[in-house]
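Structure first, commentary second.
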Amino acid sequence: MPELPEVETMRRDLGPLLLGRRIERVRAYHDDLILGGMTPWAFRRAVRGRTLGRVGRRAKYLLFPLHAPGDVQGPPECLMRVQVRMTGRFAVAVNRPDSSEFRHPGIDIALDDGRTLYYDDVRRLGGFDVLTPEAWKARAAELGPEPLDRSFRAATLARILTPLRAPIKNVLLDQRRLAGLGNIYASEALYRARIDPRRPAGSLEMTETRRLHRAVRAVLRDALDSAGTTLRDYRAVNGRSGSFQTRLLVYRREGAACPGCGRPVVRIVQAGRSSFFCPNCQR
């Protein structure tokens with residue numbers, strides 16, 4: 001599942017390609033890719049003719065501001081929200097990409113310059129919806145802070161963790177507590193911070209919380225520098241792969257030697273998700 005670095009990479013790729021372009025036509029190949037109770041007809045009507053503003057991201061959502069024709073300076077009239085989930089991919093081109101990895105058309109959005117924003121999704125787990133700015137503000141308020149924002153400090157993390165008894169790994173995955181973090185980077189951050197994923201969140205001392213705060217931000221920045229992690233399905237825009245998989249220290253390395261002590265990396269299951277850690281280094 002794409003996490004913050006992967007979705008942010010898509011945002012950065014799409015931003016300069018779409019800013020100021022007007023949507024001419026929309027084609028949805030599968031009704032189930034239109035979310036939020038909208039019909040495909042209502043979705044097309046909501047986005048057609050509008051001008052795309054600066055692409056944004058919140059947690060694991062891509063946000064496409066939709067403005068009145070030709071106006072990208074004022075507030076958007078509505079927002080097109082996209083969840084790429086596991087296999088969603090984008091391309092911006094005149095013609096559909098001719099590759100084995102882009103043969104499951106989902107949604108085509110034709111632009112006024114002759115190019116098309118193509119969305120491909122083999123498993124159809126992702127989707128699009130359209131929200132008013134007020135509706136999106138209410139949804140966004142339900143999400144936790146962005147871990148790469150300047151306002152996210154160790155004290156912020158401490159306030160989140162202190163009252164909670166749930167395992168720290170589970171808390172890091174809860175989007176209501178912290179936005180954008182997923183299984184890969186939660187495992188990697190806990191390893192860097194030398195914290196056992198089974199520890200109750202509220203049991204962390206302030207020195208440990210500071211280590212975890214630094215580790216979360218560092219691993220996300222490192223992953224962003226590598227355009228994310230491509231293990232199987234994830235691709236950035238126009239087929240670009242991430243490379244952070246070559247720098248993973250514990251994730252999906254069960255039985256391999258821990259980079260710190262040489263003992264085997266262990267895999268356990270927490271809340272239905274695999275956690276990878278070193279029982280020695282993360283005691």
Side-chain angles (χ1 to χ4, degrees), residues 1-8 57-61 83-86 125-126 139-149 151-223 228-229 231 233-234 244-245 248-255 258 260 264-283:
M1 189 76 72
E3 303 178 26
L4 187 157
E6 290 75 40
V7 180
E8 176 65 16
R57 178 197 58 79
R58 180 75 166 96
K60 302 176 186 179
Y61 296 110
Q83 304 175 60
V84 294
R85 299 284 185 175
M86 188 174 292
L125 299 174
R139 302 283 183 87
E142 299 172 357
L143 298 168
E146 291 283 334
L148 290 182
D149 280 0
S151 60
F152 180 70
R153 302 181 181 277
T156 311
L157 182 59
R159 285 194 296 271
I160 294 169
L161 302 183
T162 298
L164 302 177
R165 297 182 179 181
I168 181 62
K169 169 75 179 311
N170 297 0
V171 172
L172 293 179
L173 297 184
D174 186 344
Q175 299 301 292
R176 299 168 301 173
R177 309 292 183 185
L178 194 61
L181 208 61
N183 208 29
I184 296 173
Y185 303 113
S187 290
E188 292 292 305
L190 287 167
Y191 175 76
R192 292 189 184 198
R194 306 189 304 278
I195 295 170
D196 190 309
R198 299 166 294 188
R199 283 272 302 278
S203 72
L204 269 64
E205 297 178 359
M206 194 59 201
T207 54
E208 296 173 305
T209 301
R210 291 192 186 99
R211 285 207 312 265
L212 181 58
H213 173 263
R214 289 193 298 268
V216 166
R217 290 168 65 89
V219 74
L220 292 175
R221 286 176 178 144
D222 289 348
T229 301
L231 295 173
D233 295 310
Y234 160 71
F244 193 69
Q245 61 274 12
L248 295 173
L249 301 177
V250 290
Y251 185 77
R252 282 197 177 183
R253 299 192 73 244
E254 179 184 9
C258 165
V265 172
V266 170
R267 171 187 173 272
I268 61 173
V269 177
Q270 294 180 281
R273 306 295 301 276
S274 294
S275 293
F276 299 87
F277 70 107
C278 173
N280 183 52
C281 293
Q282 294 173 253
R283 284 186 293 183

Full working for side chain to side chain contact (heavy atoms under 4.5 Å, CB included) between Arg198 and Gln270: CA-CA 8 Å; Arg198 299 166 294 188; Gln270 294 180 281; 3.9 Å; yes
Beyond-backbone contact of Phe277 with Ile268, side-chain heavy atoms, under 4.5 angstrom: yes
Minimum side-chain heavy-atom gap Leu4-Arg57 below 4.5 Å: yes
Under 3.5 Å: donor-acceptor pair, side chain of Glu6, backbone of Gly228: no
Tyr185 side chain near Pro5 side chain, heavy-atom distance below 4.5 Å: yes
Would you give me the side-chain donor-acceptor pairs under 3.5 Å for residues 158-171, sequence neighbours excluded?
| from | atom 1 | to | atom 2 | distance (Å) |
| --- | --- | --- | --- | --- |
| Thr162 | OG1 | Ala158 | O | 2.6 |
| Lys169 | NZ | Asn183 | OD1 | 2.7 |
| Lys169 | NZ | Ser274 | O | 3.3 |
| Lys169 | NZ | Ser275 | OG | 2.6 |

Closest contact, heavy atoms only, Gly144 versus Ala179: O-CB, 3.3 Å
Closest heavy-atom pair and its distance - Pro197, Gln282: CD-NE2, 4.0 Å
Value rounded to 0.5 Å, distance of CZ in Arg267 from CZ in Arg253: 16.0 Å
Pairs flagged by side-chain hydrogen bond (donor to acceptor under 3.5 Å, both in side chains) wherever residues 206-217 is involved - sequence neighbours left out: Arg199-Glu208
Rounded distance [0.5 Å steps], CG in Leu220 versus CD in Glu3: 8.0 Å
Nearest non-hydrogen partners of Pro145 and Leu178, listed with the distance: O-CD1, 3.6 Å
Validation row: Arg58, Glu146 side chains within 4.5 angstrom (heavy atoms): yes
Tyr251 side, atom OH; Leu231 side, atom CG - distance, nearest 0.5 Å: 6.0 Å
Side chain Glu142, main chain Arg176, donor-acceptor under 3.5 Å: no
Non-hydrogen atoms of Val7 and Pro2 that approach each other most closely: CG2-CB, 4.1 Å
Short side-chain to backbone donor-acceptor contact, Gln175 and Leu181, under 3.5 Å: yes
Contact summary for Cys278 and Cys258, nearest pair of heavy atoms: SG-SG, 3.6 Å
Contacts of type salt bridge (Lys or Arg N to Asp or Glu O under 4.0 Å), residue Asp222, not counting sequence neighbours: Arg192, Arg247
Donor-acceptor pair, side chain of Glu254 and main chain of Phe276, under 3.5 angstrom: no
Nearest heavy-atom neighbours spanning Ser151 and Thr156: O-OG1, 3.4 Å
Spatial distance of atom CG (Leu173) from atom CZ (Arg273) [nearest 0.5 Å]: 6.0 Å
Side chain to side chain contact (heavy atoms under 4.5 Å, CB included) partner of Val250, chosen from Val266, Leu190, Val265: Val265
Test item: Glu188 side-chain N/O and Leu248 main-chain N/O as donor-acceptor pair under 3.5 Å: no
Straight-line distance of Ser203 OG to Ile195 CD1, nearest 0.5 Å: 9.0 Å
Tyr191 and Val219, any side-chain heavy atoms less than 4.5 Å apart: no
